[in-house]
2 protein chains.
Amino acid sequence: MGERILIIEDEQKIARVLELELQFEGYETGVAHSGTDGLILYREQQWDLILLDVMLPGMNGLDVLKRIRATEYDTPVLLLTAKDAVSDKVAGLDLGANDYITKPFEMEELLARIRVTLRFRKKETLEEADPYLFTVGQLTVHTQMREVSWRGEQVELTKREFELLAYFAAHPKQVLTREQILDAVWGYDYYGDTNVVDVYVRYLRQKLDTELIQTVRGVGYVLKEG
Amino acid sequence: MGERILIIEDEQKIARVLELELQFEGYETGVAHSGTDGLILYREQQWDLILLDVMLPGMNGLDVLKRIRATEYDTPVLLLTAKDAVSDKVAGLDLGANDYITKPFEMEELLARIRVTLRFRKKETLEEADPYLFTVGQLTVHTQMREVSWRGEQVELTKREFELLAYFAAHPKQVLTREQILDAVWGYDYYGDTNVVDVYVRYLRQKLDTELIQTVRGVGYVLKEG
DNA sequence: GTGCATTCTCACCATGTTCTAAGAAATAGC
DNA sequence: GCTATTTCTTAGAACATGGTGAGAATGCAC
């Protein structure tokens, strides 16, 4: 399912070419031929990227950008500027545009910039997520608030139980040996039997779900998303 | 006129590249090659953002951050950390860093994070929230007027009680250990048992509400909004 | 110095948590 | 199907933790 790109460009011919090329690449597109129409479409629907021509009749592209940035959403905006309009580029970047490309442009270059912007955006939103929060399927572990929820329900855990689960959540889909778990959760200086791990895994299974932490016979346990 | 960015980075080459790139983007820059120099520059001039390398010879980047945060100014700090230094990241965020980026990084990504941080900052200061006022649910703590109200009612607290509550209010929904609390409220040079914290939590619970500050067994306490 | 408010220490108790150990159940190899 | 190995389950003993009240120490105002 393609990402959605909004094209705000007054020259019908260019707009049409952009639309066709982008659709050919698998994106969904929307077109507006003026700044005001662009803003309306921007507000009405959800977009992953906006291609914005700076030279628009009536409301200028930079004005459009300003209004877009005034809203909460920070959808990436790629500016289309005239070759030598340096001031436009600078102003555009200052207003929060993510990148610009000068007209006339090679389609290939535009596509590359779009790909980079979208890819980058994805990474950014992923990494900017709360670093204390781990999510595996229906399971949510917040290591700072020390809260755990399973299928939307909050679950109360003891200290050990929490630390064990947090370790699993930080290493989802990885088979963890009892030794690894003991080292990480109980500490490298822990003596005693590895059976504690079994017992605590059981506690977690009781409080959460039997399926969540699976046994890998002869090796250890894995947290799999339910 | 560009925003001012202070770069604290010991590797000359990296520092130089950062400086050039940032200047190209229109920022004003300052460079320090050690933690101590960085702190001096930080105090001498006004900065909009600080790029801080965690791995510094002599005074560690986290120490620098700690001292920066010990002052009133809350200039945004962006940490440069090694790829797998998870503990540094967490420690950094705990100390009040606004974001981090792992080395080696793409210039584009760094620039984007700088833009985001500065933009966010601007928005935040525009909103001009009273920096002395903390509100958590029905609780209101004004650290300058030293006033506390709970469910609209004014509450009288002693000095210690107030400082403890203010610390909780400044870190809502975060589980705080007794050690953290002792360091912050009683001072790092406090001797004596951590049981004082328990006692004062009890005082607060008596004067406010039993539910407000919750015990997290084996860990510490959390302030949750009632 | 006296009186009062505040801060802190201490020790007990109830309760919650962690861990051990041993038999039951499940699984894999032959 | 039998045996050996591994995992699950259970109960309870040992331990740790936080709540609590009383009072000692401290600071402060008059």
Side-chain angles (χ1 to χ4, degrees), chain A residues 141 146-148 154-168 174-224, chain B residues 141 146-148 154-168 174-224:
Chain A
V141 179
R146 292 203 149 240
E147 282 182 354
V148 172
Q154 194 124 329
V155 181
E156 296 298 321
L157 298 182
T158 71
K159 188 172 172 254
R160 265 281 191 274
E161 290 166 357
F162 179 86
E163 277 160 6
L164 177 58
L165 183 63
Y167 183 58
F168 272 115
Q174 281 179 41
V175 180
L176 304 169
T177 67
R178 291 178 174 73
E179 283 71 25
Q180 274 180 292
I181 295 170
L182 274 184
D183 277 5
V185 179
W186 274 260
Y188 66 95
D189 52 350
Y190 178 81
Y191 285 97
D193 203 323
T194 63
N195 173 249
V196 237
V197 178
D198 299 37
V199 174
Y200 272 84
V201 165
R202 175 167 147 77
Y203 292 162
L204 287 180
R205 299 215 256 230
Q206 280 179 329
K207 291 195 178 181
L208 301 164
D209 193 293
T210 327
E211 305 292 290
L212 198 66
I213 297 173
Q214 291 178 17
T215 308
V216 181
R217 208 152 212 283
V219 190
Y221 298 94
V222 217
L223 177 67
K224 289 205 178 172
Chain B
V141 178
R146 296 205 144 240
E147 281 182 355
V148 172
Q154 194 122 332
V155 181
E156 295 300 320
L157 297 182
T158 70
K159 185 166 174 269
R160 263 287 189 271
E161 289 166 358
F162 179 85
E163 277 161 7
L164 177 58
L165 183 62
Y167 184 58
F168 271 115
Q174 280 180 40
V175 179
L176 303 170
T177 67
R178 283 163 234 273
E179 283 71 26
Q180 276 180 290
I181 295 170
L182 274 183
D183 277 5
V185 179
W186 274 260
Y188 65 96
D189 52 350
Y190 178 82
Y191 285 98
D193 203 325
T194 63
N195 173 248
V196 236
V197 178
D198 299 37
V199 175
Y200 272 84
V201 164
R202 176 168 143 77
Y203 293 162
L204 287 180
R205 298 215 255 231
Q206 281 177 331
K207 291 195 178 180
L208 301 164
D209 192 294
T210 328
E211 304 291 289
L212 198 65
I213 298 173
Q214 290 178 18
T215 307
V216 181
R217 210 151 210 285
V219 189
Y221 297 94
V222 216
L223 177 67
K224 290 205 179 173

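Convention: sequence-line order gives letters A, B, ...; per-chain numbering from 1.
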Please give, in whole Å, the distance from [N] [atom2] to [X] [atom1]?
X: A:Leu204; N: C:dC19; atom1: CG; atom2: P; result: 13 Å
X: A:Leu182; N: C:dT18; atom1: CG; atom2: C1'; result: 13 Å
X: B:Gln214; N: D:dG19; atom1: CD; atom2: P; result: 12 Å
X: B:Arg202; N: C:dC12; atom1: CZ; atom2: P; result: 18 Å
X: B:Ile181; N: D:dG18; atom1: CD1; atom2: C1'; result: 13 Å
X: A:Glu211; N: D:dC8; atom1: CD; atom2: P; result: 13 Å
X: A:Asp198; N: C:dA25; atom1: CG; atom2: C1'; result: 14 Å

Determine whether [X] and [Y] make a side-chain contact, defined as any pair of heavy atoms from C-beta on separated by less than 4.5 Å.
X: A:Arg205; Y: A:Val201; result: yes
X: B:Arg217; Y: A:Thr158; result: no
X: A:Phe162; Y: B:Val219; result: no
X: B:Leu164; Y: B:Tyr203; result: no

With sequence neighbours left out, what residues match A:Asp193 under side-chain hydrogen bond (donor to acceptor under 3.5 Å, both in side chains)? none
How many angstroms lie between CG in B:Leu223 and CG in B:Leu204, if you round to the nearest 0.5 Å?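 Rounded to the nearest 0.5 Å, the CG-CG separation comes to 9.5 Å.
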What distance separates A:Asp198 CG from A:Arg178 CZ, expressed to the nearest 0.5 Å?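 Those atoms lie 4.0 Å apart.
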Check whether any side-chain nitrogen or oxygen of [X] sits under 4.0 Å from OP1 or OP2 of [N], and answer yes or no.
X: A:Arg205; N: D:dT9; value: no
X: A:Arg178; N: D:dT7; value: yes
X: B:Thr215; N: D:dG19; value: yes

Sugar-phosphate or base contact per nucleotide [nucleotides 6-11 of chain C; S, B, -; heavy atom under 4.0 Å]: SBBBBB
Assess whether a salt bridge exists between B:Arg202 and B:Glu161, defined as any Lys/Arg side-chain N lying under 4.0 Å from an Asp/Glu carboxylate O.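 Salt bridge: no.
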By the 4.0 Å heavy-atom rule, please label B:Phe162 as base, sugar-phosphate, or nothing. nothing
Pairwise 5' ranking along DNA chain D for B:Arg217 and A:Gly218, keeping only the more 5' one: A:Gly218
Side chain to side chain contact (heavy atoms under 4.5 Å, CB included) between A:Trp186 and A:Arg160: does it pass, once the steps are laid out? CA-CA 8 Å; A:Trp186 274 260; A:Arg160 265 281 191 274; 2.9 Å; yes
The bend of the helix from C:dG1-D:dC30 to C:dC30-D:dG1, taken between the axes of its five terminal pairs at each end and rounded to 10°, is 40°
